[in-house]
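These numbers come from a predicted model, not from an experiment.
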Amino acid sequence: MRTPIRVTNRFHRIFIEAMTAGSQGLRNAVMPQFYPLAATAVRTKASKAEADNPYKPREDHRGHPGAGSDVVKQHRSAKASFDGYAIPSGTISTDPDIGPAMECLGWSKRDPGISTTIASSPSSTTTTLQVATSVGIKAGDVIIVNQEAARVLTSDAASAGVLTIWPPLSAAPSSGDTVKTAITYVPDNERDVTEESAAAWIGASRTQMRVEGLVGEKWAFAFGGDDAGNITFDGSAREAHRITSSLLDGGINDSVTQVVATTADFVPDDVSAAKPVYLTIEADGTNAEEHVRCTGKVSATALTIVRAQLTSSNVAHLGNAVIRPYWPDDTVAGTPVPAILGSVVVGTGSETVRNELQLKSAALEADLAVNKKEDVLGQAWKLQGYSLAMRNIEVSMEGWGDADTMAWARNAEDYGAVHAMVQQGDTEGSIFGFCANSVLFDNPADDPSADEMGVTLKGRALATSPESDTDPKEIIVFFG
């Protein structure tokens, strides 16, 4: 009896990369390549990929609902989700691991890559910065000054330039202090033009779900509490296929191009030269591992392969060697940002004195809604395209009913929109946060019967005017 191949979450991993849009958008979008790249790794605490196989029994009257596979197949659907830490790279000019995934799953990136300094004259204030140059910096950018994040309200884009910012800095910066732009992400208003989507590889050491045509729908960013900054994602996909593991049914030399496995159908039935599956034949104690490209199925257990792929070499393998999905080593950077570092500022946008609220936590929920093109005649999979719908961005903050927070509760009663800046981390390169320039909080409930009255401020982030390159969108997520 062979030892069963076990799958454990010790080797849980996920890789996400942009698909190449097809002539019909999502419907015929193309995989970038059919294996995950080390540089596209995303560290997660949990992830999931799902693909259903819906059907209905035959309903013609035969006294029973059909036998065996004698059913009516229906359009299949797929989806993926993950939950992980928000991890800045550690270097302000380097994308976070999650960055490339955000870019192909609903967000547009901006990285001015500007580093300048505070000029000696005239003097800067907490809200007006005299800088050596403001060329390349525009309204809506986020800058880091003395470990504090601020949104640029105006920029004259000139040598010996001037920036106005919000929220106010804790103190006016001194001559020579560094000013650097953060990497920012805003909702992408153009992604449905080509129906942008992603490929994702989700699984553990010896099983893999290859998700194709993944569309960004819901993102959530959490701050505070007793944890590091956190990001969750949920989206629908065009299709998803499972690749599992097996054993070689007998040894092979270093040149054969067909192998027989002990398990039937451990690669998808649609494998072909145009849609290959990359596999690894593991080291067996005598021979090194080898990566191969499967280009077809001769039978349920026999595969056609191309040897020595992805920098590996042709080697012989013993019988019972494990053959499994290919996984690269992760290439990741940075560390989680704990909630013991950071700040929350709410204001009207015109303050000159920084007033940080004492709050337990803050959260941003971004529903980047899409209208789905589904159930296309002649297609096995449900999702075949999309257009953008009205998105919904919600900001929430939980704290105590002190004078500062209750003042904003009172402001909400009068439909007063506010600016908000949430920052976790206080070291350049390891800061994560979001800012909004118009949040309309709901009027919160009061519960004076509690030992100490708490308050939850929750509302929708709104745009202040029709969006353009010079007018920032309703929400900005940043890593700085």
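Donor-acceptor pairing under 3.5 Å is lacking for the side chains of His419 and Ser438. Side-chain contact check for His317 and Glu290: at least one donor-acceptor pair (N or O, by modelled atom type) lies under 3.5 Å. A donor atom on one side chain and an acceptor atom on the other are found under 3.5 Å apart for Asn28 and Ser23. Under the 3.5 Å distance criterion, with hydrogens and angles disregarded, no donor-acceptor pair is assigned to the side chains of Thr262 and Asp249. Checked by atom type, the side-chain pair Gln33/Glu17 shows a donor-acceptor distance below 3.5 Å.
Under a 4.0 Å N-O distance rule, the pair Glu365/Arg391 does not qualify as a salt bridge. At a threshold of 4.0 Å, the pair Glu212-Arg238 counts as salt-bridged, since one of the basic side-chain nitrogens sits closer than that to a carboxylate oxygen. Remark: Lys297 engages Asp269 in a salt bridge, criterion side-chain N to carboxylate O under 4.0 Å. Using a 4.0 Å cut-off between a side-chain N of Lys or Arg and a carboxylate O of Asp or Glu, Asp442 and Lys458 do not qualify as a salt bridge. Residues Arg43 and Asp97 are paired through a salt bridge, judged by an N-O separation under 4.0 Å between the basic side chain and the carboxylate. Residues Asp95 and Lys109 are paired through a salt bridge, judged by an N-O separation under 4.0 Å between the basic side chain and the carboxylate. Under the 4.0 Å criterion applied to side-chain N and carboxylate O atoms, Arg76 and Glu239 are not assigned as salt-bridge partners.
A donor-acceptor pair is defined here as one N or O able to donate and one able to accept, closer than 3.5 Å; such a pair exists between the side chain of Thr405 and the backbone of Trp400. Using modelled atom types, one side-chain atom of Ser89 and one backbone atom of Thr91 make a donor-acceptor pair closer than 3.5 Å. Side-chain atoms of Glu50 do not come within 3.5 Å of backbone N or O of Asp52 as any donor-acceptor pair. A donor-acceptor pair under 3.5 Å links the side-chain atoms of Thr40 to the main chain of Leu37, judged by distance alone. Listed for the Gln147 side chain is no donor-acceptor partner under 3.5 Å among the backbone atoms of Ile144. Judged by distance alone, with hydrogens and angles left aside, the side-chain atoms of Asn287 form a donor-acceptor pair with the main-chain N or O of Ala316 at under 3.5 Å. Between the side chain of Gln309 and the backbone N or O of His291, no donor-acceptor pair lies under 3.5 Å. Asp284 places a side-chain N or O within 3.5 Å of a backbone atom of Leu318 that can act as its donor or acceptor partner. Checking side-chain atoms of Thr427 against main-chain N and O of Ser430 turns up no donor-acceptor pair under 3.5 Å.
Counting heavy atoms of neighbouring residues, nucleotides and ligands inside a 6.0 Å radius, atom NZ of Lys45 exceeds 12 of them. For Asp329, the CG atom is loosely surrounded, since the number of other residues' heavy atoms within 6.0 Å does not exceed 12. Residue Lys79 qualifies as open at atom NZ: its count of foreign heavy atoms under 6.0 Å is 12 or below.
The distance between the ring centers of Tyr326 and Tyr278 does not fall below 6.0 angstrom.
How far OG1 of Thr184 is from CH2 of Trp107: 11.0 Å, rounded to the nearest 0.5 Å. Once rounded to the nearest 0.5 Å, the distance linking CD of Glu282 with CD1 of Ile323 reads 10.0 Å. Rounded to the nearest 0.5 angstrom, Phe233 CZ and Ile14 CD1 are separated by 8.5 Å. To the nearest 0.5 Å, atoms CH2 (Trp327) and CZ (Arg13) are separated by 6.5 Å. Here the OG-CG distance, from Ser108 to Asn189, works out to 9.0 Å after rounding to the nearest 0.5 Å. Here the straight-line distance linking atom CZ of Arg210 with atom CZ of Arg242 works out to 13.5 Å at 0.5 Å rounding.
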| request: Begin with the C-alpha distance, continue with both residues' side-chain angles, and end with the deciding distance and a verdict on side-chain contact (heavy atoms from CB on, under 4.5 Å) for Gln258 and Leu303. | output: CA-CA 6 Å; Gln258 182 174 311; Leu303 307 178; over 6 Å; no

| query | For Cys104 and Met19, what are the C-alpha separation, side-chain angles and deciding distance, and is it a side-chain contact (heavy atoms from CB on, under 4.5 Å)? | reply | CA-CA 8 Å; Cys104 56; Met19 298 266 286; over 6 Å; no

| message | Between Arg110 and Lys138, does the side-chain contact (heavy atoms from CB on, under 4.5 Å) criterion hold? Intermediate values first, please. | response | CA-CA 11 Å; Arg110 175 168 164 77; Lys138 68 179 186 180; 3.4 Å; yes

| request: Go through the steps for Thr263 and Thr244 under the test side-chain contact (heavy atoms from CB on, under 4.5 Å), then give the verdict. | output: CA-CA 9 Å; Thr263 307; Thr244 59; 5.6 Å; no

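Side-chain atoms of Ile243 and Pro268, non-hydrogen and from C-beta on, do get closer than 4.5 Å to each other. Ile137 is listed as a side-chain neighbour of Thr181, based on a closest heavy-atom distance under 4.5 Å. Side-chain atoms of Ile431 and Pro88, non-hydrogen and from C-beta on, never get closer than 4.5 Å to each other. When side chains are defined from C-beta on, Glu374 does not count as touching Val376, because their heavy atoms never get closer than 4.5 Å. With a 4.5 Å cut-off on side-chain heavy atoms, Ser361 and Met397 do not count as touching. Counting heavy atoms from C-beta outward, Ile87 and Pro96 have side chains that stay 4.5 Å or more apart. Annotation: side chain of Phe434 is in contact with side chain of Val395 (closest heavy-atom distance under 4.5 Å). Two residues are said to be in side-chain contact when any heavy atoms from C-beta on lie closer than 4.5 Å; Lys275 and Val271 fail this criterion.
Across all non-hydrogen atoms, the minimal contact from Ala366 to Ile393 is CB-CD1, 3.6 Å. Minimum interatomic distance between Ala51 and Trp381 (heavy atoms only, all atoms of both residues): CB-CH2, 4.0 Å. Scanning all heavy atoms of the two residues, the minimum distance from Gly106 to Leu368 falls at O-CD1, 3.6 Å. In terms of heavy atoms, Val370 sits closest to Arg191 at CG1-NH2, 3.6 Å. Residues Ala18 and Pro32 come closest through the heavy atom pair O-CG, 3.6 Å.
Here Asn253 pairs with Ser255 under the side-chain hydrogen bond (donor to acceptor under 3.5 Å, both in side chains) rule; sequence neighbours left out. The side-chain hydrogen bond (donor to acceptor under 3.5 Å, both in side chains) search around Asp192 returns none, not counting sequence neighbours. For Asp254, there are no side-chain hydrogen bond (donor to acceptor under 3.5 Å, both in side chains) partners, not counting sequence neighbours.
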Show me the donor-acceptor pairs within less than 3.5 Å that the side chains of residues 216-223 make with the rest of the protein, sequence neighbours left out.
{"from": "Glu217", "atom 1": "OE1", "to": "Lys372", "atom 2": "NZ", "distance (Å)": "3.3"}
{"from": "Glu217", "atom 1": "OE2", "to": "Ser236", "atom 2": "N", "distance (Å)": "2.7"}
{"from": "Glu217", "atom 1": "OE2", "to": "Ser236", "atom 2": "OG", "distance (Å)": "2.6"}
{"from": "Trp219", "atom 1": "NE1", "to": "Leu105", "atom 2": "O", "distance (Å)": "3.0"}

Which atom pairs, one a donor and one an acceptor, fall under 3.5 Å between side chains of residues 195-203 and the rest of the protein, sequence neighbours left out?
{"from": "Glu195", "atom 1": "OE1", "to": "Leu26", "atom 2": "N", "distance (Å)": "2.7"}
{"from": "Glu195", "atom 1": "OE2", "to": "Lys373", "atom 2": "NZ", "distance (Å)": "3.1"}
{"from": "Glu195", "atom 1": "OE2", "to": "Tyr386", "atom 2": "N", "distance (Å)": "3.4"}

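Under the salt bridge (charged side-chain N to carboxylate O under 4.0 Å, His left out) criterion, the residue pairs touching residues 427-437 are Lys180-Glu428, with sequence neighbours excluded.
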